[in-house]
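Order of appearance sets the numbers: ligands from 1, and atoms from 1 within every ligand.
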Amino acid sequence: MPRPSPSRPATAAVTATAPLTGPKSQALFAAAQQVIPGGVNSPVRAWKRVGGNPPIITSGTGAWITDADRRRYVDYVLSWGPLLHGHAHPAVVKAVQQAAAKGLGFGAPTPGEAVLAQTLIDAFPSIEQVRLVSSGTEACMSALRLARAATGKEVVIKCDGCYHGHADHLLVAAGSGCATFNQPDSSGVPAAFASLTVSVPYNDLAAVEAAFAKHQGNVAAVIVEPIAGNMGFVPPAPGWLAGLRTLCTREKSLLVIDEVMSGFRVAWGGMQVLANVKPDLTCLGKTIGGGLAVAAYGGKKDLMAHLAPLGGCYQAGTLSGNPVGVAAGLANLKLASKPGFYTSQEKKLGVLTDGLAKLAKRHGVPFQVGRIGTMWGFFFHDRPVTDFASAAASNQQAWLTFFRTMTLNGVYLAASPFEAAFWSSAHGPAEVRHTLAAADQAFAAVAAL
Ligand SMILES: *Cc1c(COP(=O)(O)O)cnc(C)c1O
């Protein structure tokens, strides 16, 4: 791994007006704003919430990214999760180059698709067949169409603060991006679409039970993030996922576990294996494409048989199962398939999260930090966060000061307090040292508020 060379001294002071990025990033972002709405192709990238413009990233290697002004950062966003082994891992890059040399896509079956499907089936005991798609949005949207097709019911129950992509009927209390813009619903979504979605607090089985009672006999599915990662990092309470399983079985509704983020991040087989809960359908994405556009949904064969061309539930995609994406995903997953991969990474990540907790305590800053596998996150809160209401009650001024100081000291975090953070196998003790040195400054700045 290249040695860190923080482009700014570790003592960079933060003031409310200090620009977060250098002149080249500013100029490139100004140009992008002329031709792209808000200058970004996905809203949270815009750094609106943190009162600045984003750095324009020009390259990444291992745990580090470099921006247009040659500032370097330890990256805990990792393309929002896919990069389990850091940037430009040689094995993943080689797989992509080899696949690309054979043709970028055919819109016809290719050998790798069944290999990736088998890998997912082997990893997830609840999956017998999968359909590959190109985004997590598509995976969740299609899984719920399938759930409605299979049950003949209409209503979907989701949780406040959980994000399942930007399909119309799922943009209800949808977490990070929406929370960041204080826009719990999107404009352009007809009330009639949203009316078939019921949102309840995360970790609240009684609320799910009440929603079932209210829509007696018409609930097609409950969809849930098994670890909420789109309202910050919020782990499932003991019994929450098993309780959802019991309720769905009792009500003849399907349980859809959205592991687009948690999938190959927390364990081989996802959070559902750790919680020992078998959903009817699983959504996957992010990590299974290794940084390229691959996602999937899957479940039991009889359920998947409702999909065209076997059944009447239609779902399609020009780029679905793209051979270059599939090659990247397979290479990414292969590196994680070694026994002990997740426990050893979680141990390494623990040095970081324990270090952050210790620093916060030393500076007298109320702080909650947690981790599962290679997923982690923190809140400026004096009590553990269990749902969107408690996440939203965290100290956002403290978060903003922390974020800005970390950025100016070469640590790249998601620009919203309602996002999870990630760790990769390319991160190690040098990155932890760099991060904790920055955090020492950042907690001091928070304590001074
Ligand atoms: C990112 C994410 C999605 C959406 O995936 P895209 O590829 O961005 O469409 C869906 N569900 C969860 C849990 C996610 O984290």
Side-chain angles (χ1 to χ4, degrees), residues 40-46 76-84 124 131-145 147 156 158-180 186 197 199 202 221-236 241 244 255-266 270-272 275 279 281-298 315 317 319-322 325-326 328-329 332 372-377 388 391 414 416 418-422:
V40 291
N41 287 308
S42 198
V44 288
R45 296 180 196 172
Y76 293 105
V77 179
L78 295 169
S79 193
W80 303 94
L83 307 180
L84 193 50
F124 287 78
R131 178 56 71 73
L132 299 182
V133 293
S134 301
S135 71
T137 294
E138 258 187 283
C140 296
M141 178 188 85
S142 309
L144 291 176
R145 181 181 302 145
V156 166
K158 72 177 286 291
C159 293
D160 302 343
C162 280
Y163 179 65
H164 305 291
H166 62 90
D168 280 343
H169 60 114
L170 288 169
L171 283 178
V172 178
S176 54
C178 301
T180 297
S186 167
T197 306
S199 195
Y202 196 75
V222 174
I223 185 167
V224 69
E225 287 182 69
I227 303 170
N230 287 286
M231 51 170 146
F233 172 85
V234 181
L241 297 170
L244 291 178
L255 176 61
V256 182
I257 295 196
D258 177 359
E259 300 236 30
V260 168
M261 185 186 288
S262 56
F264 286 91
R265 275 262 154 217
V266 300
M271 187 61 205
Q272 55 187 265
L281 291 169
T282 298
C283 303
L284 295 168
K286 297 192 169 114
T287 322
I288 72 163
L292 298 188
V294 180
Y297 63 107
Q315 177 267 311
L319 298 178
S320 292
N322 173 270
V326 164
N332 204 38
I372 301 178
T374 63
M375 244 177 107
W376 64 285
F388 187 70
S416 162
F418 305 115
E419 298 284 358
F422 301 98

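- Proximity of Glu259 to ligand 1 is not established, as no heavy-atom distance is less than 4.0 Å.
- Only one option out of Gln315, Arg145, Glu138 pairs with Tyr297 in a side chain to side chain donor-acceptor pair (under 3.5 Å); it is Gln315.
- Where the criterion is an N or O separation shorter than 3.5 Å, residue side chain and backbone included, Glu225 fails it with respect to ligand 1.
- Using cut-offs of 30° and 60° for the angle between ring planes, the Phe418 and Phe388 rings count as tilted.
- Between Gly136 and ligand 1, at least one pair of N/O atoms sits closer than 3.5 Å.
- Side chain to side chain, Gln272 and Thr282 meet the donor-acceptor criterion of an N or O pair below 3.5 Å.
- Summary of contacts: the protein heavy atom closest to atom 15 (O) of ligand 1 is Lys286 NZ, 2.6 Å.
- Closest protein heavy atom to atom 8 (O) of ligand 1: Thr137 OG1, 4.6 Å.
- Closest heavy-atom approach to atom 13 (C) of ligand 1 among the candidates Val224, Asp258, Ile257: Asp258.
- Checking Ser416 against Glu419 by side-chain atom types alone, no donor-acceptor pair falls below 3.5 Å.
- By the definition of a contact as any protein heavy atom under 4.0 Å away, atom 5 (O) of ligand 1 is in contact.
- For His164, no nitrogen or oxygen atom sits less than 3.5 Å from a nitrogen or oxygen atom of ligand 1, counting backbone and side chain alike.
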